[in-house]
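Since this is a predicted model, take the numbers as computed values, not measurements. Quick note: numbers below take in every heavy atom, side chains included, and nothing from hydrogens, waters or symmetry partners. Residues: numbered from 1 along the sequence shown.
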Amino acid sequence: MNGTALALAAASVSLALALALVALLVRLGREVRRLRAAVDRLEGDLVVLADRSRRLADQAAVELERVGDVLESAEAVQTTVDAASRLTYRALGNPLVRAVSAAAGVDGALRRFFGRRERD
């Protein structure tokens, strides 16, 4: 091989490598554009999801406030019922016990007076 043929072969190999590099760069550019489009779609989806998450968190906070209010009301009702129960027990407990005791005493006295046997 002479110098011209060697130079022509080197030029051909260089041209082939340059064309392969251009093809690789074109393909790489397409992939970068596809990747950028995918990132843009993902970014849009993330914005929507973040907005939904924020709204759901706000709704949950409102519901928790309502539940807290209901629990406070239930505690207030329980306190009122407890106080009313204690008051009722104090007001009626002692007189009721006395009335039942008196009725039992009168029943026993009447049974003895009329000579009947006591119930078991």
Side-chain angles (χ1 to χ4, degrees):
M1 280 190 134
N2 61 17
T4 306
L6 191 58
L8 188 58
S12 297
V13 168
S14 295
L15 181 62
L17 287 175
L19 289 176
L21 184 60
V22 168
L24 182 63
L25 288 175
V26 168
R27 184 168 177 176
L28 185 61
R30 286 182 192 151
E31 292 300 317
V32 166
R33 282 191 296 275
R34 280 188 43 213
L35 184 60
R36 184 68 203 155
V39 167
D40 289 342
R41 283 192 308 272
L42 183 60
E43 185 179 10
D45 291 345
L46 286 176
V47 167
V48 170
L49 287 175
D51 185 51
R52 285 182 187 169
S53 297
R54 184 189 48 77
R55 279 188 277 142
L56 286 174
D58 291 345
Q59 288 174 353
V62 168
E63 293 299 321
L64 282 175
E65 284 183 35
R66 288 181 185 166
V67 168
D69 292 343
V70 168
L71 286 176
E72 287 176 12
S73 297
E75 288 174 358
V77 168
Q78 179 185 6
T79 302
T80 303
V81 168
D82 287 344
S85 295
R86 283 192 302 275
L87 181 63
T88 302
Y89 177 75
R90 287 181 188 161
L92 298 179
N94 197 16
L96 192 59
V97 169
R98 286 183 183 179
V100 169
S101 297
V106 169
D107 183 50
L110 288 176
R111 286 183 187 280
R112 284 190 195 134
F113 182 72
F114 290 112
R116 294 189 215 149
R117 299 177 81 195
E118 295 222 10
R119 290 185 277 181
D120 292 328

Practice problem: Using a 4.5 Å cut-off on heavy atoms from C-beta on, say whether the side chain of Leu19 contacts that of Leu15. | Solution: yes
Quiz item: Below 4.5 Å, heavy atoms only, C-beta onward: do Val67 and Leu71 meet side chain to side chain?
Solution: yes
Quiz prompt | Partners meeting salt bridge (charged side-chain N to carboxylate O under 4.0 Å, His left out) with Asp69 (sequence neighbours left out) | solution = none
Self-check item: From CG (Leu24) to CG (Leu17), nearest 0.5 Å
Solution: 11.5 Å
Quiz item: Any ion pair linking Asp45 and Arg41 (charged N to carboxylate O, less than 4.0 Å)?
Solution: no
Quiz item: Is there any salt bridge (Lys or Arg N to Asp or Glu O under 4.0 Å) pair reaching into residues 9-35, and which pairs are they, with sequence neighbours excluded?
Solution: Glu31-Arg34
Quiz item: Do Thr4 and Leu8 pass the side chain to side chain contact (heavy atoms under 4.5 Å, CB included) test, and can you show the C-alpha distance, the side-chain angles, and the key distance before you say yes or no?
Solution: CA-CA 6 Å; Thr4 306; Leu8 188 58; 5.5 Å; no
Quiz prompt | Thr80 side, atom OG1; Leu87 side, atom CG - distance, nearest 0.5 Å | solution = 12.0 Å
Quiz item: Do Val106 and Phe114 share a hydrophobic cluster (ILVMFWY, side-chain heavy atoms under 4.5 Å, transitive)?
Solution: yes
Quiz prompt | side-chain contact (heavy atoms from CB on, under 4.5 Å) partners for Asp58, two or more places apart | solution = Arg54
